[in-house]
Every structure is written in structure tokens, then in C-alpha cells.
Amino acid sequence: MTLLDGKRIAAEIRQELYGEVSEMKQKPSLAVILVGNNSASEVYVKGKIKACEEVGIHSYSYRLPENSTQKEVEKLVSSLIQKKEINGVLVQLPLPKALDADKILNLIPPEKDVDGFSPLNFGKVALGEKGVSACTPLGVIELLSRYNIEITGKHAVIVGRSKIVGRPLAMLLLNRDATVTICHSKTQNLKEECLRADILIAAIGRERFITADMVKNGAVVVDVGINRAEDGKLYGDVDFENIKEKAAYITPVPGGVGPMTIAMLLKNTVEAARKKQ
Ligand code: NDP
């Protein structure tokens, strides 16, 4: 088994981006909005801001209270997207339940949508055209490609069909000539579907849900899940300990897809700034 070391690859990418940014006359900039008190979101936002600093991206951080109204959040997003000096605007998800997240995200114009969540960017990616890809799916593809893992002609099975992971990842894999199966909570015979995977990707949000009997010998296993268990530890959606010897390649949690997601956010931000310049 080879470990797909997202932490190491993400550090390499940050180093490359640092080189690129240091040659840019105007440094890229990213605005990050955090609404409410979700403790996991606070950690993610801190991580994103720290990573921006490391590569020389200016970051502006905005914090709104949990009970913010739709209008208040929309007003902040609308004012930030108009600022010429800001290349990317990111609204940390999940938003408090009372808010309409889609309506807020849709305010961000495609050129400043560094998270790649806008319908236009998703549509472009789905059509195989150049658009900003969502960061987690892009991070998965980048990780596979840095380990020279062949995608063309392989059978990729994704468990999870969310707008931010499963669906866009399916499009990226299809664009790279994989045969793609998308599974979800209504899928029948999930085990059999997973067993057919050359590349198995879990994006479910259920701790150690994918067990060894669901994985083909020699498969590439990518674990997107991040779950805080009752013992206080972080676990993925994949039963890593029991699958690691069966898989040819496997991502750890933490240290796999998570750092790659942030690295791709930086990449999308640098790209947005470059396009504008
Ligand atoms: P969502 O809750 O939006 O989607 C989960 C998906 O899993 C849904 O499509 C759901 O199916 C499917 N699912 C749920 N239960 C089952 C089941 N029993 N069998 C088969 N499919 C099932 O989650 P996200 O995509 O937002 O996140 C998934 C995980 O990835 C989470 O742990 C999250 O924390 C993590 N994550 C990690 C990131 C990173 O950077 N590493 C970034 C984003 C997310 P259905 O559609 O039918 O409900």
C-alpha cells in the first residue's frame, strides 16, 4: 500500500504557488466570510487564512453573528464582490439554517467564485469546458495525478452526490475519461457497486462506513470524509486500518484530501488574480 500523502503534496503546491505569487506585481487577495459559531468552520477558516499568508495571498476575514439576517449577509457579500482589490470571495459553509445558502453563493460572480460553487462554473466543468472547479474534487484529481495514478479507462465509484464533492468530482473524472458510477443513500447493492471500483471515493459523512469487504484488492481508495467520533478523534468515511493492506493506494484522515482542498483554494485564487491582471 502506498499512502497518498495530501499533507506533503499540499505543502509542495504551496511552495510552487509562493514562487508564482512572488513574481506577481499585484498580490492576489481573498475575502473569507464566516457566519455563526460552528467550531469546525472556525478551524477551517483559520487554516485557509494561514495558508494564504504562507503563499503571499492577502486575506480579509469577516465574521458575522449566528443570528445574522439574509439581508445582512447578502449586503456584505455584495459589497465585497464590488471591491476591485479582492480577487476571490468565499462564504464558509455550512451557513446557519435560517439562511438561504444558495441565494448567497449565487451573488458571487463566476470570476470571483474561487470555491467553484456557482452554477455557471459547475455547468462549465460539467460540459468539459474551462471553469473554476470546486476545491475538494480538484484536490482529489490533483492528488491522483501527482502520484501518476491512471484515471483514463478506470472505473471510478463515488459514494456521495453532494453539490460540493460527489457531483463535481464525477464530472472531473468523466472529463478525464474514467467510467463513473455515483452512489448515494438510495443506491441498492452498494457493496457490489463499490467492489467494482478501481478508484473508490468516499464522500458520505459517516465514520468508517466503507469497510474492507467493500473494497477490491489493489483499488485506489480516496477518503474525503472528516468525522469527529465520540472518542474525540477524527476519522474518515473509510475504515483505514482494515483497508490499508488491501488497497494499492489510500489517503489518510487527517492529512489526505483536507490539505489538498485548501491548496486548491489557493490555486483558484491565484488563477483568478492572474486572469484579472
Ligand atoms: P453531504 O451530507 O452533503 O452528502 C453526503 C452524501 O452521502 C449524500 O449524497 C448522501 O446520499 C450520501 N450518503 C449518506 N448516507 C449514505 C449511505 N448510507 N449510503 C450511501 N450513500 C450515503 O456531505 P458532503 O459531500 O458535504 O461531505 C461528505 C463528507 O466529506 C463529510 O464528512 C464532510 O465533512 C467531508 N468533507 C471533507 C472535505 C475535505 O476537504 N476533506 C470537504 C467537504 C466535505 P443522498 O444524496 O441520497 O442523501
Side-chain angles (χ1 to χ4, degrees), residues 4-10 13-14 32 34 38-51 90-95 97 101-102 105 114-117 122 133-144 156-173 180-197 200-211 213-215 221-230 233-240 250-268:
L4 294 171
D5 188 347
K7 197 174 167 192
R8 180 176 67 78
I9 300 291
I13 294 169
R14 288 198 300 275
V32 182
L34 175 60
N38 183 316
S39 53
S41 293
E42 283 176 17
V43 174
Y44 294 143
V45 164
K46 262 191 199 158
K48 288 171 185 179
I49 287 171
K50 186 169 166 265
L90 179 159
V91 180
Q92 183 63 40
L93 298 179
L95 284 170
K97 286 207 171 70
D102 282 341
L105 293 177
V114 284
D115 251 341
F117 292 161
F122 178 79
S133 298
C135 301
T136 301
L138 196 58
V140 171
I141 299 290
E142 187 70 27
L143 190 58
L144 297 177
V157 176
I158 306 169
V159 189
R161 57 174 165 179
S162 71
K163 285 193 257 187
I164 61 169
V165 188
R167 282 169 203 255
L169 182 54
M171 296 305 140
L172 291 181
L173 287 163
V180 183
T181 299
I182 310 174
C183 301
H184 46 78
S185 67
K186 309 289 184 301
T187 297
Q188 297 187 359
N189 306 322
L190 182 66
K191 181 178 161 186
E192 283 68 28
E193 297 294 348
C194 291
L195 277 168
R196 289 164 56 218
L200 178 62
I201 297 152
I204 312 160
R206 297 184 67 171
E207 179 203 328
R208 290 177 283 187
F209 181 81
I210 302 289
T211 46
D213 60 334
M214 300 166 85
V215 178
V221 180
V222 178
D223 192 352
V224 178
I226 303 175
N227 310 289
R228 177 81 60 190
E230 279 178 6
K233 288 188 193 158
L234 282 186
Y235 290 96
D237 289 346
V238 164
D239 182 5
F240 180 89
I250 187 166
T251 57
V253 174
V257 176
M260 292 301 296
T261 296
I262 298 184
M264 293 302 104
L265 170 68
L266 304 176
K267 198 168 183 224
N268 282 347

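Remember, predicted model here, so these are calculated numbers, not experimental data. Ligands are counted one by one from 1 in listed order, and the atoms in each one are counted from 1 as well. The residues of the chain are indexed from 1 along the displayed sequence.
- Within the 4.0 Å heavy-atom criterion, both parts of Ile204, backbone and side chain, lie near ligand 1.
- Looking only at heavy atoms of the protein, atom 10 (C) of ligand 1 is closest to Ser185 N, 4.3 Å.
- The nearest protein atom to atom 26 (O) of ligand 1, hydrogens excluded, is given as Ile164 CD1, 3.7 Å; this is a heavy-atom distance.
- Short contacts between ligand 1 and Phe209, defined as distances under 4.0 Å to a heavy atom of the residue, involve ligand atoms 17 (C), 18 (N), 19 (N).
- With distances taken over non-hydrogen atoms, the option nearest atom 44 (C) of ligand 1 out of Val159, Val140, Thr251, Val165 is Val165.
- Atom 18 (N) of ligand 1 has as its closest protein heavy atom Arg206 NH1, 3.1 Å.
- Counting non-hydrogen atoms of neighbouring residues, nucleotides and ligands closer than 6.0 angstrom, the CD atom of Glu192 exceeds 12 such neighbours.
- By the 3.5 Å distance cut-off applied to N or O atoms, Ile226 is counted among the residues near ligand 1.
- The protein non-hydrogen atom at the shortest distance from atom 12 (C) of ligand 1 is Gly160 CA, 4.1 Å.
- A heavy-atom separation below 4.0 Å is found between Ala203 and ligand 1.
- Taken from CE in Met260 to CD1 in Ile141, the straight-line distance is 10.5 Å, to the nearest 0.5 Å.
- Closest to atom 40 (O) of ligand 1 among all protein heavy atoms lies Thr261 OG1, 2.8 Å.
- A donor-acceptor pair under 3.5 Å links the side-chain atoms of Asn227 to the main chain of Tyr235, judged by distance alone.
- Judged by the shortest distance from any of its heavy atoms, Gly166 lies outside the 4.0 Å radius around the atoms of ligand 1.
- Panel note: side chain Arg161, backbone Arg167; no donor-acceptor pair is recorded below 3.5 Å.
- Around atom 46 (O) of ligand 1, the closest heavy atom drawn from Met260, Arg161, Lys163, Glu193 belongs to Arg161.
- Of all non-hydrogen atoms in Asn268 and Leu138, the two that sit nearest each other are OD1-CD2, 3.8 Å.
- The side chain to side chain contact (heavy atoms under 4.5 Å, CB included) test with Ile201 is passed by exactly one of Val221, Val165, Thr251, Val224: Val224.
- In this structure, atom 41 (N) of ligand 1 lies nearest to the protein heavy atom Val224 O, 3.3 Å.
- Looking only at protein heavy atoms, the nearest one to atom 31 (C) of ligand 1 is Gly205 CA, 3.5 Å.
- We find that Asp237 and Arg208 are not joined by a salt bridge, their nearest charged nitrogen and carboxylate oxygen being 4.0 Å or further apart.
- Those atoms of ligand 1 with a heavy atom of Asn227 less than 4.0 angstrom away are 32 (O).
- Close contacts between ligand 1 and Gly258 involve ligand atoms 40 (O), 41 (N) [criterion: under 4.0 Å to a heavy atom].
- Across all their heavy atoms, Thr261 and Cys135 have their closest contact at O-CB, 3.5 Å.
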Checklist entry - Phe122 and Ile164: side-chain contact (heavy atoms from CB on, under 4.5 Å), yes or no, with the steps? => result CA-CA 10 Å; Phe122 178 79; Ile164 61 169; over 6 Å; no

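- Atom 20 (C) of ligand 1 has its closest protein heavy atom at His184 O, 3.1 Å.
- Taking all atoms of both residues into account, the shortest heavy-atom contact from Cys194 to Ile210 is SG-CD1, 4.3 Å.
- By the criterion of a heavy-atom distance under 4.0 Å, neither the backbone nor the side chain of Thr187 is placed next to ligand 1.
- Interface of Gly225 with ligand 1, defined as ligand atoms under 4.0 Å from a residue heavy atom, comprises 29 (C), 30 (O), 32 (O), 35 (C).
- Taking CG from Leu34 and OH from Tyr44, the interatomic distance works out to 12.5 Å, rounded to the nearest 0.5 Å.
- The main-chain N or O of Phe117 is never found under 3.5 Å from a side-chain atom of Asp115 such that the two would form a donor-acceptor pair.
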